[in-house]
S.K.: 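Have a look at the structure that comes next, please.
Reminder, nothing fancy here: chain letters follow the sequence lines and each chain counts from 1.
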Number of protein chains: 2
Amino acid sequence: MVNQARRAERRGEALTRESIVAAAIELLDLEGDAGLTFRALATKLSTGAGAIYWHVANKEELLLAATELVVSAALSNADDAGDTTPRETVRTIAVGVFDAIDAHPWLGTQLARAPSHSAMLSIFEGIGRAVQALEVPQAAQFTSAMTLVNYMLGVGSQNAANARMVDAAADRREFLSKTAAVWAALDADEYAFTRTMAAPLRDHDDRAEFLAGIDLILAGIARP
Amino acid sequence: MVNQARRAERRGEALTRESIVAAAIELLDLEGDAGLTFRALATKLSTGAGAIYWHVANKEELLLAATELVVSAALSNADDAGDTTPRETVRTIAVGVFDAIDAHPWLGTQLARAPSHSAMLSIFEGIGRAVQALEVPQAAQFTSAMTLVNYMLGVGSQNAANARMVDAAADRREFLSKTAAVWAALDADEYAFTRTMAAPLRDHDDRAEFLAGIDLILAGIARP
DNA sequence: ACCTGAACACCGTTCAAGT
DNA sequence: ACCTGAACACCGTTCAAGT
């Protein structure tokens with residue numbers, strides 16, 4: 001009886017792995033990494049916390065599945081871009097991952113946390129093929145692909161961390177200009193360089209900056 | 001009376017912020033990220049969990065202090081290297097951070113988690129000065145320094161994650177060769193590139209590979 | 001000023017019991 | 001087969017009470 005009531009609340013939809021992962025993503029997007037708890041998830045799905053464990057082994061597996069789903073969506077978008085050069089392909093994949101992390105900041109944390117899983121492999125494969133197409137010598141392909149992917153990972157975790165901060169601050173622009181103010185006020189001797197970077201920090205565009213880094217690495221790859 | 005007994009156990013040493021941070025680092029090194037709890041820390045320091053809060057605001061501040069201490073030690077080592085070229089300086093700083101993360105895997109997670117704090121600033125400053133010395137044009141300095149630091153961050157979080165995995169596996173070599181075997185067995189169409197990278201993955205040296213990535217970026221920076 | 005240790009409000013996960 | 005919901009073994013953090 002009580003069961004039936006519960007099921008009715010979720011409109012007869014059975015609890016499935018897919019619906020659980022989808023709800024987890026919604027929760028992560030809305031509340032951030034800390035927002036995903038089995039109790040909150042259970043409430044959202046009108047069920048008990050324990051029920052989720054029948055479909056998903058544990059929290060790690062749930063996060064892995066969420067990551068995989070979001071990344072594969074981003075990469076299949078990138079697939080449709082119809083790039084004409086390998087350089088463009090690298091940029092498309094990179095921007096795809098960047099935008100996915102922008103839309104789902106928890107993804108940055110997640111990718112940095114479990115680099116060996118399937119989402120990471122897909123990214124590595126896509127980048128690697130483009131590197132091959134760039135006619136990078138066999139021996140340099142590993143380093144080239146890894147450098148690109150590691151850079152993407154670094155920016156991703158930065159963005160995830162920044163998103164956590166911005167949550168506290170009112171918005172991103174304000175956050176950047178506050179940080180820039182801190183940089184500008186640093187000790188003139190100890191932080192001579194960083195001080196001069198306050199203005200670029202305040203005015204930069206994250207996405208453009210990210211792509212500039214990709215281009216820098218591509219230039220290094222192309223160099224004999 | 002009971003107080004006196006406690007104090008005697010820790011040999012009369014007062015509980016200080018420094019001793020707490022040092023104990024936290026030991027715990028993190030020995031047990032990993034999950035090993036640092038206020039209860040474990042209190043036991044190690046022969047005190048109560050609540051006592052720690054008189055010296056440290058919360059867990060985040062504690063992790064920040066631990067990160068700062070380890071990074072500044074690594075960077076001051078790098079300072080003593082007596083590099084002759086800016087390229088060498090970049091490599092020395094990069095390797096210093098790499099080795100610090102190698103010795104303290106939790107550091108990789110931590111740096112990726114809170115990029116705006118003081119440890120990250122010190123790294124950025126060191127790299128930035130070297131970039132300036134490379135005579136990179138003003139407008140490109142921000143991108144150049146950020147790209148290097150983000151790459152270092154990406155590798156760092158990878159290494160932290162790998163260290164977590166290796167804990168489960170017997171040792172690193174075994175872990176790499178197992179992962180390589182998985183790569184080699186991937187679908188021939190879907191993972192054409194990654195399959196060919198199984199051998200490089202198995203045989204590569206982390207440190208050398210990391211430096212090769214730094215050199216790649218440096219080559220891109222030097223390119224007109 | 002500094003410390004104690006119980007208590008609070010959470011977690012992930014398990015599992016007997018239900019349908 | 002699938003779900004419930006109480007229970008277990010943890011967390012970080014607070015705080016009245018002690019010295």
S.K.: Round to a whole Å and report the spacing from CG of A/Asp33 to P of C/dG12.
M.R.: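 Answer to the nearest Å: 12 Å.
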S.K.: Closer than 4.0 Å, any side-chain N/O of A/His55 to the OP1 or OP2 of D/dC3?
M.R.: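 Checking D/dC3 against A/His55, a side-chain N or O does come within under 4.0 Å of OP1 or OP2.
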S.K.: When the side chains of residues 34-45 of chain A are checked against the rest of the protein, which donor-acceptor pairs come out under 3.5 Å, sequence neighbours left out?
M.R.:
residue	atom	partner	partner atom	Å
A/Thr37	OG1	A/Ala40	N	3.0
A/Thr43	OG1	A/Arg39	O	2.9
A/Lys44	NZ	A/Glu26	OE1	3.3

S.K.: Examine A/Phe124 together with B/Trp183 and report whether their ring centres are nearer than 6.0 Å.
M.R.: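 Yes, the ring of A/Phe124 comes within the 6.0 Å limit of the ring of B/Trp183, centre to centre.
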S.K.: Kindly write out the residues that satisfy ring pair (Phe, Tyr, Trp, His ring centres under 6.0 Å) with B/Tyr191, not counting sequence neighbours, or none if the list is empty.
M.R.: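 Not a single residue meets the ring pair (Phe, Tyr, Trp, His ring centres under 6.0 Å) criterion with B/Tyr191.
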S.K.: Tell me which pairs pass salt bridge (Lys or Arg N to Asp or Glu O under 4.0 Å) where either residue lies in residues 181-193 of chain B, with sequence neighbours left out.
M.R.: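 Residue pairs passing salt bridge (Lys or Arg N to Asp or Glu O under 4.0 Å), neighbours aside: none found.
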S.K.: In this structure, how many angstroms lie between the C1' atom of D/dT13 and the CG atom of B/Asn58, rounded?
M.R.: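 Value for this atom pair: 9 Å.
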S.K.: Please list all pairs passing the salt bridge (Lys or Arg N to Asp or Glu O under 4.0 Å) test where one or both residues lie in residues 144-158 of chain A, with sequence neighbours left out.
M.R.: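 Residue pairs with at least one partner in residues 144-158 of chain A: there are none.
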S.K.: Just to be sure I follow the notation: if a pair is Watson-Crick (purine N1 to pyrimidine N3 plus N6-O4 or O6-N4) or a G-U wobble (N1-O2 and O6-N3), each under 3.5 Å, what dot-bracket string does DNA chain C give, with | for pairs to another strand?
M.R.: ||.|||||...|||||.||
S.K.: Separation of B/Leu15 atom CG from C/dC3 atom P, in whole Å?
M.R.: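 So the CG-P distance, B/Leu15 to C/dC3, works out to 5 Å.
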S.K.: Strictly by salt bridge (Lys or Arg N to Asp or Glu O under 4.0 Å), give each pair with a member in residues 96-108 of chain A just once, sequence neighbours left out.
M.R.: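 The answer is A/Asp99-A/Arg207.
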S.K.: Starting at atom CG of A/Leu27, determine the distance to atom P of C/dG12, rounded to an integer number of angstrom.
M.R.: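 Spelled out: CG on A/Leu27 to P on C/dG12 is 11 Å.
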S.K.: Just jot down the side-chain hydrogen bond (donor to acceptor under 3.5 Å, both in side chains) partners of B/Arg91, sequence neighbours excluded, or say none.
M.R.: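 By the side-chain hydrogen bond (donor to acceptor under 3.5 Å, both in side chains) rule, B/Arg91 matches B/Asp215.
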S.K.: Could you list all the salt bridge (Lys or Arg N to Asp or Glu O under 4.0 Å) pairs where at least one residue sits in residues 56-71 of chain A, not counting sequence neighbours?
M.R.: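 Listed by first then second residue: A/Arg17-A/Glu61.
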S.K.: Quick one: which of C/dG12, D/dC2, D/dG12 gets closest to the side chain of B/Tyr53?
M.R.: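 So the side chain of B/Tyr53 is nearest to D/dG12.
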S.K.: Shorter than 3.5 Å, N or O on both sides, protein versus nucleotides 7-11 of chain D: list them out with atom names.
M.R.:
residue	atom	partner	partner atom	Å
D/dC11	N4	B/Arg39	NH2	3.3

